[in-house]
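Okay, structure first, notes after.
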Amino acid sequence: MSAPETDDTGPDLTRGVTLADFGGRRMLRGHVGEDAVLLVRVGDEVLATGATCTHYGGPLDEGAIEGDTVRCPWHHACFSLRTGEALAAPAFDPIPCWKVERRGDAIVVREHVAPPAPAATPVTAAAKAPERIVVIGGGAAGFAAAEMLRRRDWAGALTVLSAEADAPCDRPNLSKDYLAGNAPEEWIPLRPANFYADHRIDLRLGATATRIDAGSRTVTCADGTALTYDRLLIATGAEPVRLPIPGADQPHVFTLRTLADSRAIIGRCAGAKSAVVLGSGFIGLEVAASLAARGLAVHIVSLDAHPLERVLGPVVGDFIRGLHEAHGETFHMQTSIGSIGARTVTLSDASEIAADLVVVGVGVKPRLALAQAAGLTIDRGIVVDAYLETSQPGIYAAGDVARWPGDPGGESLRVEHWVVAERQGQVAAANMLGARERYADVPFFWSAHHDVTIRYVGHAMTWDEIRIDGDLAARDCAVSYRKGGKTLALATIGRDAQALAEAQRLGGAR
């Protein structure tokens, strides 16, 4: 869902610029014809690439330089300035590269440069290149792993088993713009249908793995099909928590995880005037905002005292509540749903709310049964090492199910972030081919609430201090979550560059 890279702002780089035009910065945005081009100073060199992120169209000139790479300020995708390759998700498509000439003091950008093919992952002497890889799961981690395996020129047999009916899709959009009606469905697949055949990826939809035999290196599916593997990636993801509420089995009651779920909610909206959302976490609030954008009267029901309190604290939570209330949404806090009727919801205090549709968004739980039955070590997730390998050699895990070492000397982590899952899939792909690449990314996610987007870097399970720098009401602030005098995480509103800088700082501190 990238924006067209057309821009005639900044200098015409075919006419040439000088180092003085950079104004002391390392980056300068200009154009070649209608193409937006980014000039970057890397040591004594000046490199030229496309200026727009291929994920959602973020302006790379507002991002950050790390060595000879650039990171997008919106969702922290990372690109090589030398080849244009998308090195780290959520972007997968490369940015174009341009030829740069020096004519005395002038720096002139010429024609496009064809990027070199990504280098194949070197296989260590101790490792044998796998001939067959099976990926269980067609979500963020599974897709990213399969895409990276082929991008790294691995030519073996590759099968992806996905229990979902649709090909891998942009899951964060299912509760945001797509559900709100602002993003057409053609934006949602991560790749077009022909991608999988063209790249020899055997994507099997509606395929559920039921058994892993680590001894024989075999995966058995619900239809009886058995697949052998040399390397296996478990990326089974998470599933929505379903509560035993009377009436929750009715057709107008939904959870949201898949594209099919989002389609079903949209279909119900056509004849609906009112909605109740159970849960005041990120998914619940994003769903509420999307339904309100469709013109429904939305009520949010939650046991918590403040929305998002467990992640962002009460002050930020109440600010987000105010944003939703300004768009007509009604909150019912510190209560729950007692029962669901055909057109109403009865709360635990016996009050009733009109509800043509109900969405239960009270969190998810990792799908661990398959790994547990296979004898893998489980501890509130599938335990993996720094290379994302499980307790069974040759079997890796990534995404919502994986619990990895985290900070040196700190507690292990399992988080349910889209970008984390994608990047873990990419690292697992490299390691299945014999690389020894540690997964060391700083966790990152973003969440949209009407016209306000929160970016969050780091991970703070608990804290003893919250500091707000800036003006929350003015939507210009950075909120740090600290423990023992150390910043564990940072949430920003209107300060994308600061979030990116904090991600770099936290990464350097590891």
Side-chain angles (χ1 to χ4, degrees), residues 1-5 50 52-58 72 74-80 83-96 115 117-118 121 133-178 183-207 233 235-237 257-263 398-400 417-430 432-433:
M1 195 170 63
S2 60
E5 191 164 334
T52 305
C53 179
T54 57
H55 175 231
Y56 278 10
C72 176
W74 287 2
H75 306 119
H76 300 193
C78 182
F79 299 90
S80 168
T83 68
E85 183 183 359
L87 300 174
F92 295 100
D93 292 319
I95 52 176
T121 299
I133 292 178
V134 174
V135 176
I136 304 176
F143 168 82
E147 191 272 346
M148 186 58 77
L149 286 168
R150 288 306 189 221
R151 204 198 308 177
R152 288 288 171 261
D153 203 29
W154 178 71
L158 175 57
T159 301
V160 177
L161 303 174
S162 176
E164 297 185 19
D166 296 286
C169 69
D170 183 11
R171 202 183 305 278
N173 231 322
L174 301 183
S175 59
K176 299 180 177 75
D177 282 343
Y178 176 68
E185 188 160 320
E186 56 263 31
W187 287 4
I188 303 306
L190 291 175
R191 281 290 187 263
N194 64 334
F195 169 82
Y196 302 95
D198 291 348
H199 290 79
R200 294 171 291 108
I201 298 172
D202 180 14
L203 173 63
R204 303 188 185 186
L205 299 176
L233 175 64
T236 43
R257 183 68 180 175
T258 68
L259 177 55
D261 294 335
S262 196
R263 282 197 201 107
D400 293 355
H417 302 344
W418 177 253
V419 174
V420 169
E422 289 181 316
R423 292 186 184 170
Q424 286 186 347
Q426 292 176 323
V427 171
M432 286 191 290
L433 297 183

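Count residues from 1 along the sequence.
From I95, atom CD1 reaches atom OG of S80 across 8.0 Å, with rounding to the nearest 0.5 Å. In this structure, the separation between CD1 on I188 and CG on D177 is 8.5 Å, given to the nearest 0.5 Å. Distance check, rounded to the nearest 0.5 Å: CD of Q426 to CG of L149 gives 10.5 Å. Rounding to the nearest 0.5 Å places CZ of F143 at 5.0 Å from CG of L190.
Counting only heavy atoms from C-beta outward, the side chains of V427 and Q424 never approach each other to under 4.5 Å. By the 4.5 Å heavy-atom criterion applied to side chains, W74 and C53 are not counted as neighbours. Using a 4.5 Å heavy-atom threshold, the side chains of Y196 and R150 count as separate.
R191 pairs in a salt bridge (Lys or Arg N to Asp or Glu O under 4.0 Å) with only one of the listed residues (D93, D166, D170), which is D93.
Ring orientation note: the planes of Y56 and H75 are nearly perpendicular, at an angle over 60° on the 30°/60° scale.
Looking at every heavy atom in both residues, A429 comes nearest to M148 through CB-CB, 4.0 Å. Residues A89 and V419 share a closest heavy-atom pair of O-CG1, 3.9 Å. For the pair L205 and A165, the tightest heavy-atom approach, listed with the atom from each and the gap, is CD1-O, 3.4 Å. Scanning all heavy atoms of the two residues, the minimum distance from R423 to A88 falls at NE-CB, 3.8 Å. Pairing each heavy atom of W418 with each of C169, the nearest pair is CH2-O, 3.2 Å. For H76 against P90, the heavy-atom pair with the smallest separation is C-CD, 4.4 Å.
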side-chain contact (heavy atoms from CB on, under 4.5 Å) for D261 and L174? Distances and angles first, verdict last. CA-CA 9 Å; D261 294 335; L174 301 183; over 6 Å; no
Hey, mind stepping through E147 and E422 against side-chain contact (heavy atoms from CB on, under 4.5 Å) and telling me if it holds? CA-CA 10 Å; E147 191 272 346; E422 289 181 316; over 6 Å; no
Take E185 and L259 through the test side-chain contact (heavy atoms from CB on, under 4.5 Å) and record every step on the way to the result. CA-CA 9 Å; E185 188 160 320; L259 177 55; 4.1 Å; yes
Step-by-step salt bridge (charged side-chain N to carboxylate O under 4.0 Å, His left out) determination, R257 to E164: CA-CA 10 Å; R257 183 68 180 175; E164 297 185 19; 5.7 Å; no
The test is side-chain contact (heavy atoms from CB on, under 4.5 Å); show your working for L233 and I133 and say whether it passes. CA-CA 8 Å; L233 175 64; I133 292 178; 5.7 Å; no
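Not a single donor-acceptor pair under 3.5 Å links the side chain of D198 to the backbone N or O of F195.
Using a 4.0 Å cut-off between a side-chain N of Lys or Arg and a carboxylate O of Asp or Glu, D400 and R171 do not qualify as a salt bridge.
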